Amino acid sequence: DAGVIQSPRHEVTEMGQEVTLRCKPISGHDYLFWYRQTMMRGLELLIYFNNNVPIDDSGMPEDRFSAKMPNASFSTLKIQPSEPRDSAVYFCASSPDPRTGTEAFFGQGTRLTVV
Amino acid sequence: AQSVSQHNHHVILSEAASLELGCNYSYGGTVNLFWYVQYPGQHLQLLLKYFSGDPLVKGIKGFEAEFIKSKFSFNLRKPSVQWSDTAEYFCAVSPGNTGKLIFGQGTTLQVKP
């Protein structure tokens, strides 16, 4: 398996534009997580899915952020409209099941810069 | 709310020094515990994990961690660090039966040759 695949690796956009980040989890993993990493706040959990269903989105900063998982092999994180303070590295991770002690596997991340 | 706290934000050591990074969590029930490492420019990778059994867990590259339930702690240790251990280290907790995975803020370790 190629691991968790995220695209794009880098995104530079202007304030006010819509940004869509994509993630392909490892096949067979039932859990998918979206994290945001910044110097100030570390690694924040934004939302996670179990079997394509959002379980906890309490970490999504505001209504400008939305995430979907239309099927087991694809998820998106959308920011509309984007703002400079959204600049960060966004990671997607997948896991068979953290409840059984299996770890999460991370993608390479998307570095987002909003100017 | 469930949270993970890493006490040291930035640690600087000389090669061969011993390392201990603190991690505490706030959750009263059963937990699964993890330590991840992020080398410069790379994604997070698993160092070690605790699910059940022996509270002293050994991981890759000579790292180990001890789960002390009474202290809600899962501290990471290494007897002798190397320059190649320079990285950011994250403690993570999966509380109870949620499947949720929460990370601490991370500790940046700089090892001087």
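Numbers restart at 1 for each chain; the letters A, B, ... are given by sequence-line order, proteins then strands. Being a predicted model, the structure only gives us computed values, none of them experimental.
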Looking at [options], which has the largest count of heavy-atom pairs under 4.5 Å with chain A?
options                             : result
B/Phe51, B/Phe34, B/Tyr50           : B/Phe51
B/Ala92, B/Gly99, B/Gly104, B/Ser52 : B/Gly99
B/Thr108, B/Leu46, B/Asn32          : B/Asn32

Considering only heavy atoms from C-beta outward, does the side chain of A/Glu103 approach that of B/Gln45 to under 4.5 Å?
no
Residues, nucleotides or ligands: over 12 heavy atoms within 6.0 Å of [X] [atom1]:
X       : atom1 : value
A/Glu62 : CD    : yes
A/Arg64 : CZ    : yes
A/Asp63 : CG    : no

Counting heavy-atom pairs under 4.5 Å to chain B, which of A/Ala104, A/Ser58, A/Ser95, A/Gly59 comes out on top?
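Most heavy-atom pairs within the cutoff with chain B belong to A/Ala104.
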Quick check against the 3.5 Å criterion: does [X] have a side-chain atom that pairs as donor or acceptor with the backbone of [Y]?
X        : Y        : answer
A/Tyr35  : B/Phe103 : no
B/Gln105 : A/Met40  : yes
B/Lys100 : A/Asp56  : no

Would [X] and [Y] show up in the same hydrophobic cluster when neighbours are defined by side-chain heavy atoms closer than 4.5 Å?
X        : Y        : answer
B/Ile102 : A/Val89  : no
B/Leu101 : A/Phe105 : no
B/Val4   : B/Tyr27  : yes
B/Val11  : B/Tyr39  : yes
B/Trp35  : A/Leu45  : no

Between CD of B/Gln42 and CZ of A/Phe106, what distance do you get to the nearest 0.5 Å?
14.0 Å
Working to the nearest 0.5 angstrom, can you tell me the gap between B/Leu44 CG and A/Leu43 CG?
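Output value for this atom pair is 6.0 Å.
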Structural part of A/Glu44 lying under 4.5 Å from a heavy atom of chain B:
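No part of A/Glu44 comes within 4.5 Å of chain B.
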Is B/Thr98 close to chain A through its backbone or its side chain, or both, or neither, when contacts mean heavy atoms under 4.5 Å?
both
